[in-house]
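Single-structure report; data block below.
Keep in mind the model is a prediction, meaning the values are calculated, not measured.
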Amino acid sequence: MPVFYGVPVESPLMLGTAQYPSPAILAQAFQVSGAGIATVSLRREQGGGQDFWALIRGLQTRILPNTAGCHTVKEAVTTAHMAREVFETNWIKLEVIGHADTLQPDVFGLIEAARILTEDGFAVFPYCTEDLTVCARLQEVGCQVLMPWGAPIGSGLGLNNPYGLRSLRAHFPDAPLVIDAGIGLPSHAAQAMEMGFDAVLMNSAVAQAGDPVAMARAMAQAIEAGRLAYGADPMGARDMAAPSTPVLGKAFLA
């Protein structure tokens, strides 16, 4: 069970609320997934009005507003303050986008926005890269949770840099780490959990599947399998074969 800013969360699956074929399918996907957190952008809430807000409340899961689509520090900070008023929480998933094609975060603006928001009482969940220096700076300005991307948002490419992500886990053993963006298949989610990450956040992989409800169930099961595998202390990979049947006791024929 992951713990974010002192709050235990029932499930390590964090699910977005955008792009579903219908509100009913969104609600069903959350129900079968058992997601512990729903991420919601302020822009999306405004588009759906009170009906959408009522739907989100009906999910009965913790809300994590985000600053999706923000490209400057000022825009992200302003959006975060608005989200705190609308959603009545000091949790904020902080996005400051720096590259239009890859949606890679602007890590310089991200650190500055995180500092401002943390000083103003926000619990910041920063969408970042797996860069060790950037993550260390985010911790220095008050971020207790780190959310590195697996691959560009909405790409479905999975974990593009397993070495970097493993290094991040090793360098920040006590920090809650969440893979945010790039997940496309249940195997990607399982891989993240097998690495020791605390949670996985996804949206497009479920919402844009041919059957979002079935995919939500598959993702939940994959995350559970990956978490159990990590806890079981898996065997290490070997370069050479190793027999599983012992030679001792084998009959030798003349």
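Between the R169 side chain and the F172 main chain, a donor and an acceptor come within less than 3.5 Å of each other. E75 contributes a side-chain N or O that, together with a main-chain N or O of H71, makes up a donor-acceptor pair within less than 3.5 Å. In this structure, D198 contributes its side chain and V178 its backbone to no donor-acceptor pair below 3.5 Å. S33 places a side-chain N or O within 3.5 Å of a backbone atom of F30 that can act as its donor or acceptor partner. With hydrogens and angles disregarded, a donor-acceptor distance shorter than 3.5 Å links the side chain of Y5 to the backbone of V124.
Grouping the Ile, Leu, Val, Met, Phe, Trp and Tyr side chains by contacts below 4.5 angstrom, directly or via other members, places I25 with L59. By the criterion of side-chain heavy atoms lying less than 4.5 angstrom apart, applied directly or through intervening Ile, Leu, Val, Met, Phe, Trp or Tyr residues, V3 is not grouped with L146; the two fall into different hydrophobic clusters. L94 and M82 end up in the same hydrophobic cluster when Ile, Leu, Val, Met, Phe, Trp and Tyr side chains are linked at under 4.5 Å. A continuous path of Ile, Leu, Val, Met, Phe, Trp and Tyr side chains, each step under 4.5 Å between heavy atoms, connects V7 with F87, placing both in one hydrophobic cluster. Tracing side-chain contacts under 4.5 Å through hydrophobic residues (I, L, V, M, F, W, Y), one reaches I92 starting from I116; they form part of the same cluster.
The structure places CD of E95 at 8.5 Å from OG1 of T39, a figure rounded to the nearest 0.5 Å. Here CG of L13 is found 4.0 Å from CD1 of I223. Values are rounded to the nearest 0.5 Å. Going from atom NE2 of H99 over to atom CG of D106 covers 11.5 Å, rounded to the nearest 0.5 Å. For the atom pair CE of M219 and CG of L15, the computed distance is 9.5 Å after rounding to the nearest 0.5 Å. From I56, atom CD1 reaches atom CG of L26 across 5.5 Å, with rounding to the nearest 0.5 Å. For the atom pair CG of L64 and OG of S41, the computed distance is 11.5 Å after rounding to the nearest 0.5 Å.
Contact check for F197 versus P12: no side-chain heavy atoms found under the 4.5 Å cut-off. In this structure the side chain of I179 never reaches within 4.5 angstrom of the side chain of M195, judged on heavy atoms. For the pair P186/M215, a side-chain contact is recorded, criterion being any heavy-atom separation below 4.5 Å from C-beta on.
Closest of all the heavy-atom pairs between T102 and P152 is O-CB, 3.4 Å. The two residues T61 and G36 make their nearest non-hydrogen contact at OG1-O, 2.8 Å. Nearest heavy atoms, S155 versus G182: OG-CA, 4.0 Å. Of all non-hydrogen atoms in A18 and N203, the two that sit nearest each other are O-ND2, 2.9 Å. Shown here for T89 and R84, the closest heavy-atom pair between the two residues is O-CG, 3.3 Å. Minimum interatomic distance between L168 and C135 (heavy atoms only, all atoms of both residues): CD1-SG, 3.6 Å.
Under the side chain to side chain contact (heavy atoms under 4.5 Å, CB included) rule, V200 has a single partner from M193, R227, M14, which is M193.
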Checklist line | Derivation and outcome, side-chain contact (heavy atoms from CB on, under 4.5 Å), residues V96 and T67 | finding: CA-CA 8 Å; V96 183; T67 64; 5.6 Å; no

Margin query: For a side-chain contact (heavy atoms from CB on, under 4.5 Å) check, start with the C-alpha distance between E130 and S167, then their side-chain angles and the critical distance, and finish with the verdict.
Written below: CA-CA 9 Å; E130 68 276 20; S167 297; over 6 Å; no

Next item on the list: Given side-chain contact (heavy atoms from CB on, under 4.5 Å), test N66 with F125 step by step and report yes or no.
Entry: CA-CA 9 Å; N66 67 53; F125 294 68; over 6 Å; no

Checklist line | Derivation and outcome, side-chain contact (heavy atoms from CB on, under 4.5 Å), residues V107 and R137 | finding: CA-CA 10 Å; V107 295; R137 291 293 306 277; over 6 Å; no

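A perpendicular orientation is assigned to the rings of W91 and F4, their planes being inclined by more than 60° (bins at 30° and 60°). Between W149 and Y127, the two ring planes are perpendicular [angle over 60°; tilted spans 30° to 60°].
Atom CZ of R115 has more than 12 heavy atoms from other residues, nucleotides or ligands within 6.0 Å. For Q60, the CD atom sits in a loose shell: 12 or fewer heavy atoms of surrounding residues, nucleotides or ligands are nearer than 6.0 Å. Within 6.0 Å of NE2 on H81 lie more than 12 heavy atoms contributed by other residues, nucleotides or ligands. Around atom CZ of F108, no more than 12 heavy atoms belonging to other residues, nucleotides or ligands sit under 6.0 Å away.
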